[in-house]
Amino acid sequence: MNNKLYDKLIFELSRQGRRGYSLPETAFPDAVGSIPENLLRKSEIGLPQVDELTVVRHYTNMSTNNFGVDTGFYPLGSCTMKYNPKINEEMAAAPVIAAMHPDQPARFSQGALAIYHSLASALAEIGGMAEFTLNPYAGAHGELTGLMLARAYHDSRGDKKRTKVIIPDSAHGTNPASAAVAGLKVVPVKSLPDGTVDVEALAPLLDDTVAAMMMTNPNTLGIFERQIPQIAKMVHDAGALLYYDGANLNPMLGIARPGDMGFDIMHINLHKTFSTPHGGGGPGSGPVGVRAGLEHLLPNPRVVKKDDGTYDIVSSPDSMGRVSSTLGNFAVQMRALSYILSLGSDGLMEAGGLATLNANYIKESLRDLYDLPVDTVCKHEFVFDGLKDKSTGVTTLNVAKRLLDYGFHAPTIYFPLLFHESLMIEPTETESLDTIDSFIAVMRDIAHEAAADPEMVKTAPHTTPVRRPDDTEAALHPRLTFDEL
Ligand SMILES: *Cc1c(COP(=O)(O)O)cnc(C)c1O
């Protein structure tokens, strides 16, 4: 949209006295007079004054400046941005689901509790765990819940000296953050050049002060940790628990289960793997599963299926406590169950395989032009270390910005921190061969542009409404409110 009028903020479009609505006269004029003086507004509320058409154009134009999975390819690594089938939305929006009150008693909520219980059981099957809670609201919240549960486990055995968590240096940033919030000290463990955990470096870190080790498998480089049985044995021999970050479970679906690998606790991001639209801070859901023997520690309240086939909401004094006000983010749970049931176990297994095939196809199609630091078969994602030809001075940031000109969302950049020019790509299983081929063609074009006209790539994007915001200024001095002109 080139019309400058529509680039303005809604406050800038405001004109004194313009209206897009009219409210009826109050039917209770006396009630206004009975509001205590100290509760009455002292000054104008300062809302923009605009007509209806201006409001419609403002928001409609703004929505077309937005990029989402529904508008284009979004190959963000470590944060699965797969297509979210619309049937899930229909299910979650059904009045019988959307209009439920969170405090409705169990006897009037049997259908909702059946949804909770079915989803928890499906996740337990997928993860190879004994039981899941769906109460945590996000991946990081799931991590916090899992680590607090690990603490509760050690406490329940009277083992008070376990205050450390071991986390690989390639881990997602939320891992150390959650450990810190849980009151645990983070001990990093080095990765080998291929991105897997250095087992020799791990051995001396394990002792009776370690509460847990957190791992992501396949790790952030999309590499499967082949040493996992040995790592699990070492962690358990030290009396610690092994935690699985299953935020991006895509490549594992129906193929391998964390429970079978020796993990004791795990979380899953329903908003990544199980297809809820996400980004911009919500909504999410981070269910936590535990192996047999830890179920009693799961957070309150729990949903149980009774012998007569009905469901109940129970709380137990053995539990680690509460982590959420209710039974979690119900609409996200509904979407995940809808997704799982519509794919079925065969469909889920196919999704995992396709996610892996698509990632490897892109990797192999671009490796002659982009630097591939870890050269092996990947799972759902992989990492380039920038362009192969470093002489042009074109960085990963420039490539990412140039992609926007071609209508693709940029991949994850400068993460993981293992390489200087990380460019992390995860296509997911939901993209067609046509989309993937056109992405490959564009990535190849950009590499050639970088050689022929590096300045043009370094000054990209050239076609977006906002070109190069000052990242540092935006982080240090964000302007989040409208100041009257
Ligand atoms: C996204 C992600 C998380 C955090 O999940 P949130 O829902 O954003 O809190 C944790 N670990 C990994 C590996 C992730 O990709």
Side-chain angles (χ1 to χ4, degrees), residues 69 74-82 84 123 127 132-148 165-182 186 188 191 195-197 212-225 228 242-253 258 263 265-289 323-324 328-329 331-333 335-336 355 359 378-383 409 411-418 422 424-428:
V69 180
Y74 206 135
L76 205 63
S78 186
C79 192
T80 310
M81 295 299 270
K82 63 163 82 171
N84 310 290
L123 297 179
F132 261 87
T133 174
L134 310 182
N135 298 9
Y137 292 120
H141 193 201
E143 292 169 22
L144 177 63
T145 302
L147 290 171
M148 287 166 65
V165 186
I166 298 179
I167 302 178
D169 58 6
S170 67
H172 195 270
T174 50
N175 289 187
S178 303
V181 175
V186 176
S191 300
T196 60
V197 168
M213 171 163 179
M214 297 180 89
M215 283 185 70
T216 308
N217 188 23
N219 63 25
T220 308
L221 293 177
I223 311 284
F224 191 87
E225 300 273 354
I228 196 65
L242 192 56
Y243 182 97
Y244 184 89
D245 180 336
N248 309 289
L249 207 61
N250 252 17
M252 291 303 182
L253 294 172
F263 285 92
I265 309 172
M266 71 179 290
H267 85 266
I268 296 176
N269 279 20
L270 296 187
H271 48 293
K272 291 181 183 167
T273 308
F274 295 101
S275 94
T276 280
H278 65 285
S285 174
V288 171
V323 297
S324 56
N329 225 337
V332 179
Q333 297 166 13
R335 289 183 180 96
C378 65
K379 295 292 177 273
H380 58 305
E381 64 192 5
F382 65 92
V383 181
H409 197 282
T412 296
I413 57 172
Y414 299 109
F415 178 80
L417 306 176
L418 301 172
S422 288
M424 186 181 194
I425 298 176
E426 178 181 1
T428 84

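Ligands are counted one by one from 1 in listed order, and the atoms in each one are counted from 1 as well. Sequential numbering from 1 along the given sequence is applied to the chain's residues.
For the atom pair OG (Ser178) and NE2 (His267), the distance works out to 8.0 Å, reported to the nearest 0.5 Å.
For Ala138, the side-chain contact (heavy atoms from CB on, under 4.5 Å) partners two or more places apart in sequence, or in a different chain, are His141. Lys82 pairs by the salt bridge (Lys or Arg N to Asp or Glu O under 4.0 Å) definition with Glu429, not counting sequence neighbours. By the side-chain contact (heavy atoms from CB on, under 4.5 Å) test, Val181 pairs with Leu144, sequence neighbours left out.
A donor-acceptor contact closer than 3.5 angstrom links the side chains of Thr174 and His172. Between the side chains of Asn269 and Asn248, no donor-acceptor pair is found at a separation under 3.5 Å.
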For ligand 1, list every N/O pair with the protein closer than 3.5 Å, one pair per line with the distance.
unit_1	atom_1	unit_2	atom_2	d
ligand 1	5 (O)	Asn269	ND2	3.0
ligand 1	7 (O)	Gly139	N	2.8
ligand 1	7 (O)	Asn269	ND2	3.3
ligand 1	7 (O)	His271	NE2	2.7
ligand 1	9 (O)	Gly139	N	3.4
ligand 1	9 (O)	Ala140	N	2.8
ligand 1	11 (N)	Asp245	OD1	3.2
ligand 1	11 (N)	Asp245	OD2	2.6
ligand 1	15 (O)	Ser78	O	2.7
ligand 1	15 (O)	Ser78	OG	3.2
ligand 1	15 (O)	Asn248	ND2	2.9
ligand 1	15 (O)	Lys272	NZ	2.8

